Trainee: 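The structure's right below; bear with me while I get my questions together.
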Amino acid sequence: EAVREDPDGDFLSEAPAYICADREVVLAAVQQNGRALRYASAKLRADRGLVFAALEEDPLALRYAASELWADRGFVLAAVDRDGLALQHAVLELQADAEIALRAVEQNGLALRFAVEHLRADRQLVLAAVEENGAALKFADVELQIDSEL
């Protein structure tokens with residue numbers, strides 16, 4: 001009932017720990033306001049289903065996902081498929097993963113900004129990013145920025 005009365009999910013900020021650890025309550029809250037994920041227990045912030053429910057409502061909710069999820073390749077792939085900018089939260093090893101970076105820039109070209117340096121010099125990746133969003137060129141390696149074919 002509290003979820004219906006507070007569509008912003010802010011009631012969780014003052015709720016007792018057992019409420020913030022109740023998956024059903026938190027799920028209802030994040031479905032109305034994804035950023036309510038910030039008040040969830042650590043265990044629930046590591047719950048893929050809950051995090052993706054929050055993401056569906058608000059892509060910015062990803063910043064509240066548990067850090068261990070950002071080291072999980074499967075989670076990061078699913079996250080960048082939904083929001084390419086999620087690449088910024090991934091651990092460095094996964095920001096250096098060519099497949100993940102490609103899927104991120106195909107979803108949002110500006111995700112090129114969060115790919116590791118050697119990938120920002122990869123012609124195929126930069127081309128995919130620029131095709132999705134021309135403004136992504138500014139995040140490419142300098143050599144590619146001056147390439148007239150791009």
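Remember, predicted model here, so these are calculated numbers, not experimental data.
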Trainee: Does anything in residues 80-94 pair up under side-chain hydrogen bond (donor to acceptor under 3.5 Å, both in side chains), and if so which pairs, sequence neighbours excluded?
Mentor: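 Counting only pairs at least two positions apart or across chains, the side-chain hydrogen bond (donor to acceptor under 3.5 Å, both in side chains) contacts touching residues 80-94 are Glu56-Arg82, Asp81-Arg103.
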Trainee: Could you check whether any side-chain heavy atom of Arg45 comes within less than 4.5 Å of a side-chain heavy atom of Glu68, counting everything from C-beta outward?
Mentor: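 Arg45 vs Glu68: side chains apart.
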Trainee: So, for Ala86 and Leu62, which heavy atoms are closest and what is the spacing to 0.1 Å?
Mentor: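 Looks like CB-CD1, 3.4 Å.
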Trainee: Apply side chain to side chain contact (heavy atoms under 4.5 Å, CB included) to Trp70 and Val76, showing your working.
Mentor: CA-CA 6 Å; Trp70 296 110; Val76 173; 3.9 Å; yes
Trainee: What's the separation between atom CG in Leu85 and atom CG in Leu60, rounded to the nearest 0.5 Å?
Mentor: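 These two atoms lie 9.0 Å from each other.
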Trainee: Once you round to the nearest 0.5 Å, how far does CG of Leu27 lie from CG of Asp22?
Mentor: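 Leu27 CG to Asp22 CG: 10.0 Å, rounded to 0.5 Å.
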Trainee: Determine whether Val30 and Phe52 satisfy the following criterion, side chain to side chain contact (heavy atoms under 4.5 Å, CB included), listing intermediate values before the conclusion.
Mentor: CA-CA 10 Å; Val30 301; Phe52 284 132; over 6 Å; no
Trainee: Enter the distance from Arg23:CZ to Leu44:CG here, rounded to the nearest 0.5 Å.
Mentor: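 So the gap between those two atoms works out to 7.5 Å.
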Trainee: Sequence neighbours excluded, which residues qualify as salt bridge (charged side-chain N to carboxylate O under 4.0 Å, His left out) partners of Arg123?
Mentor: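 Partners of Arg123 by the salt bridge (charged side-chain N to carboxylate O under 4.0 Å, His left out) criterion, ordered by chain and then number, come out as Asp147, Glu149.
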Trainee: How about Phe75 and Val51: do any of their side-chain heavy atoms sit closer than 4.5 Å?
Mentor: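 With C-beta onward as the side chain, the pair touches.
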Trainee: I want to check something: taking the side chain as every heavy atom from C-beta on, are Leu12 and Val25 in contact at a cut-off of under 4.5 Å?
Mentor: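 The answer is yes, as the side chains (C-beta and beyond) meet within the 4.5 Å cut-off.
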Trainee: Do the non-hydrogen side-chain atoms of Glu106 and Val80 ever get within less than 4.5 Å of each other?
Mentor: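 When only atoms from C-beta onward are counted, Val80 and Glu106 do not touch, as no gap falls below 4.5 Å.
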Trainee: Provide the full list of side-chain hydrogen bond (donor to acceptor under 3.5 Å, both in side chains) pairs with a residue in residues 107-119, sequence neighbours left out, each pair given once.
Mentor: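 Those involving residues 107-119 do not exist here.
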Trainee: For the OH atom of Tyr39 and the SG atom of Cys20, what is their distance to the nearest 0.5 Å?
Mentor: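 It comes to 9.5 Å.
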Trainee: Any side-chain to backbone donor/acceptor pair from Gln95 onto Val116? Under 3.5 Å, distance only.
Mentor: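 No, Gln95 side chain to Val116 backbone: no donor-acceptor pair under 3.5 Å.
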Trainee: Would you please name every residue forming a side-chain contact (heavy atoms from CB on, under 4.5 Å) with Ala98, sequence neighbours left out?
Mentor: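 Partners of Ala98 by the side-chain contact (heavy atoms from CB on, under 4.5 Å) criterion, ordered by chain and then number, come out as Leu119.
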Trainee: So, using salt bridge (charged side-chain N to carboxylate O under 4.0 Å, His left out) as the criterion, who are the partners of Asp58 when residues are at least two apart?
Mentor: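 With sequence neighbours excluded, Asp58 shows a salt bridge (charged side-chain N to carboxylate O under 4.0 Å, His left out) to Arg35, given in chain and number order.
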Trainee: Taking all heavy atoms of Gly74 and all of Asp72, pick out the closest pair and write down the distance.
Mentor: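 Between these two residues, the closest heavy atoms are N-OD1, 2.9 Å.
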Trainee: How long is the gap from OG on Ser41 to CG on Asp47, to the nearest 0.5 Å?
Mentor: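 Between Ser41 OG and Asp47 CG, I get 9.0 Å after rounding to 0.5 Å.
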Trainee: Determine, using the 4.5 Å side-chain heavy-atom cutoff (strictly less than), whether Ile146 and Leu144 are members of one ILVMFWY cluster.
Mentor: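 No, Ile146 and Leu144 fall in different hydrophobic clusters.
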Trainee: Closest heavy-atom contact between Ala115 and Leu125?
Mentor: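 So the two residues come closest at CB-CD2, 4.4 Å.
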Trainee: Side chains of residues 127-142: which donor-acceptor partners sit under 3.5 Å, not counting sequence neighbours?
Mentor:
from   : atom 1 : to     : atom 2 : distance (Å)
Glu132 : OE1    : Gly109 : N      : 2.6
Asn133 : OD1    : Ala135 : N      : 2.9
Asp141 : OD2    : Glu143 : N      : 3.0

